[in-house]
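Along the sequence shown, the residues carry numbers beginning at 1. Just so you know, ligand 1 is whichever comes first in the structure, and atom 1 is the first atom listed for that ligand. Since the structure is predicted, the reported quantities are computational estimates derived from the model, not experimental observations.
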Amino acid sequence: MNTDFLIIGSGIAGLSYAIKTAEKFPDSTITIITKTRSDETNTKYAQGGIAGVWDQDNDSHQKHIEDTLIAGDGLCKEDIVALVVKEGTDRIKEMIEWGAKFDRHEDGLYKLGKEGGHSEHRILHHKDVTGQEIERALLQAIEQYKNIQIINHCFVVDLITQHHLGFLVTKSTPTITCYGVYALNLQTNEIETILSRVTLLATGGCGQAYRTTTNPTIATGDGIAMVYRAKGRIENMEFIQFHPTALFEPGVSPSFLITEAVRGDGGILRNNRGEAFMEKYDSRKDLAPRDIVARAIDQEMKKNGTEHVYLDCRHLDQAKFAAHFPNILEKCKSIGIDPFHQMIPVAPAAHYSCGGIQTDAEGKTSIHRLFACGECASTGLHGANRLASNSLLEALVFAHRCAESSSNIYNSTSFEKNIPAWNTKGTSEPKEMILITQSLKELQLIMSDYVGIVRTDVRLQRAMKRLDLLFEETEELYRSTKVSPQLCELRNLITVGYLIVKGAQFRKESRGLHYNTDHPEKSNLLQNIVL
Ligand code: FAD
Ligand code: SIN
């Protein structure tokens, strides 16, 4: 199959890029591929909302820029922060024109939420199901464009580069070029060759590398692993963000999020003795940036020997809470917790990957004809720690920038010929799924126990040794077995685990989301770890 623009992923990044590109090139062919249903994305689960400057009286671009830089702890690219914040408001307006609805007061002004690290109220939201509304609006908007097709249940296995034409490709090959992808069509169970002029990776995050995560099962870092295998550049993977307040519900995965907006509206974190502990850790208390709050909770849990802390909402206005957080209220009630009379048990969970596929300000990766945006990309916006609700914003701004800059490539390239079909020689049907499921469990345990919120040199060393073994075993299985999504996801998660551990080992300091007790200070050297 040939398509002018190939988009892997149907979250906010992939869908908004598709709309922009369809408007610009109505005669082109645009194909969106997604590995399950088109609405099953991290985007759909976003709760708190999308940050942007709306209240011109109290807020300003400068304040949003400063908050982002403070959260990023010295590693944000300042030019990228400025452009995302400044262009962000127009991008959100476009999404509203495409049909996304955000909560308003009776006078028509937007209701603006506040979350950790924000100095002002600036978060547009749709109750506590903002992502669901965004996903709905974008998928509906896409329907108007005849030149966009969505292919669901199609798993992209690998990028096609010169490597598949028989050339040796290494990290120092000057122009590695992406010609398209090999994808497993889950309806036919065949691997198809899909060629493109321009490919966009919008494959989202990798929370599934951890045992406890807010991310749905699709978040297995596929795009990041594919780029690494194709010898492209990946950076800052050690900065995995743990959300401080996932609902503590043993045995349930993914974890249900209790949005930070609850603390923005006055929710208070308390330990098992009922003490509000955040004031011991930061003057911003419950609304300090996420890295600080998650570490404080981790410390309280370890000190008190508990598996969770509590979020206290008992003092909040009940009608307001019910209007802003109906989804959370319903979920709590469904498991027998009444937030107006009981505290909600919460614990940190892996939530967001701040690093990823290295891109420039136009969303170009180190591989020619390959762009990346959304959570899988590392644009320089988040530095060592993402400011809450900046992710949806970054995805929108960079989808626009990718659409602008991929135009030149579309106009100047043609489809590559002579790409060989996928070779299944020597592979047979998988015999035992346990070989995959057990390795996945082991990986998630290793990452959670050794590469979590607090790290040490020995833990990282142990994690790497164990990942090496999982890698060997899984590569062996991959060479001899017909590919399946489960096997590919395991393989990708092991690669992502390796990249997180390797980045953490290279970073001999503690900064933002990376905290290593053997190197507790910040280094004077500001560096991005590129692998
Ligand atoms: P996603 O929305 O994750 O989409 C990924 C897509 O890639 C999917 O369609 C998937 O099928 C496809 N894909 C992946 N691999 C393959 C493959 N191999 N083959 C084919 N298709 C593939 N951010 C905020 O800014 N504000 C919030 O309030 C907020 N709340 C959040 C709450 C939760 C519970 C979570 C999990 C995240 C939250 N985030 C929030 C983060 C934000 O939602 C995500 O970072 C963002 O939605 C990512 O969008 P994306 O388009 O990059 O990827
Ligand atoms: C939340 O609603 O707390 C999540 C927001 C985010 O991840 O940006």
Classify the side-chain pair [X]/[Y] by whether it contains a donor and acceptor separated by less than 3.5 Å.
| X | Y | result |
| --- | --- | --- |
| Q132 | H126 | no |
| S196 | T199 | yes |
| R229 | N492 | yes |
| N185 | E192 | yes |
| E40 | Y45 | yes |

Do me a favour and list the nearest non-hydrogen protein atom to [atom] with residue, atom name and distance?
| atom | answer |
| --- | --- |
| atom 19 (N) of ligand 1 | V156 N, 2.9 Å |
| atom 36 (C) of ligand 1 | N215 ND2, 3.3 Å |
| atom 14 (C) of ligand 1 | T203 O, 3.4 Å |
| atom 32 (C) of ligand 1 | Y45 O, 3.3 Å |
| atom 21 (N) of ligand 1 | K35 N, 3.2 Å |
| atom 1 (C) of ligand 2 | T259 OG1, 3.3 Å |
| atom 49 (O) of ligand 1 | T43 OG1, 3.2 Å |

- prompt: Does E260 use its side chain to pair, donor to acceptor, with the backbone of E115 at less than 3.5 Å?
  reply: no
query: Would you say A261 touches ligand 2, if touching means a heavy atom closer than 4.0 Å?
result: no
query: Is there a heavy atom of S391 sitting under 4.0 angstrom from any atom of ligand 2?
result: no
Below 4.0 Å, non-hydrogen atoms only: which portion of [X] touches ligand 1? Side chain, backbone, both or neither.
| X | result |
| --- | --- |
| E489 | neither |
| P254 | neither |
| D222 | side chain |
| S391 | both |
| H351 | side chain |

Sub-3.5 Å N/O-N/O distance, [X] and ligand 2:
| X | answer |
| --- | --- |
| N390 | no |
| Q241 | no |
| L387 | no |

Candidate with minimal heavy-atom separation from [atom], of [options]:
| atom | options | result |
| --- | --- | --- |
| atom 53 (O) of ligand 1 | A261, G205, G204 | G204 |
| atom 43 (O) of ligand 1 | N42, I7, N390 | N42 |
| atom 26 (N) of ligand 1 | P485, G11, G49 | G49 |

field: contact_flag H153 ligand 1 heavy-atom lt 4.0 Å
entry: no
query: Has S389 got any heavy atom lying under 4.0 angstrom from an atom of ligand 1?
result: yes
field: Six-ring centre of Y352, R386 cation under 6.0 angstrom, axis tolerance 45°
entry: yes
message: Tell me whether K331 forms a cation-pi arrangement with F256, defined as NZ or CZ under 6.0 Å from the six-membered ring centre and within 45 degrees of its axis.
response: yes
- request: Could you check if a side-chain atom of M301 sits within less than 4.5 angstrom of a side-chain atom of V309, using non-hydrogen atoms only?
  value: yes
Are the charged groups of [X] and [Y] less than 4.0 angstrom apart, N to O?
| X | Y | result |
| --- | --- | --- |
| D67 | R122 | yes |
| K333 | E330 | no |
| E120 | K63 | yes |

message: Rounded at 0.5 Å granularity, tell me how far CZ in R37 sits from NE2 in H153.
response: 7.5 Å
query: Using 30° and 60° as the class limits, which term best fits the ring planes of Y228 and Y498: parallel, tilted or perpendicular?
result: tilted
task: Specify whether H125 and H324 have parallel, tilted or perpendicular ring planes, treating 30° as the upper limit for parallel and 60° as the lower limit for perpendicular.
output: parallel
- prompt: Just which atoms of ligand 1 are under 4.0 Å from any heavy atom in I33?
  reply: 21 (N)
- prompt: Should you measure from each heavy atom of C154, which atoms of ligand 1 turn up under 4.0 Å away?
  reply: 19 (N), 20 (C)
message: Under 4.0 Å, heavy-atom basis, I'd like to know which part of H125 is in contact with ligand 2: side chain, backbone, both or neither.
response: neither
task: Heavy-atom distances under 4.0 Å are what count here, so tell me which part of L257 touches ligand 2: side chain, backbone, both or neither.
output: side chain
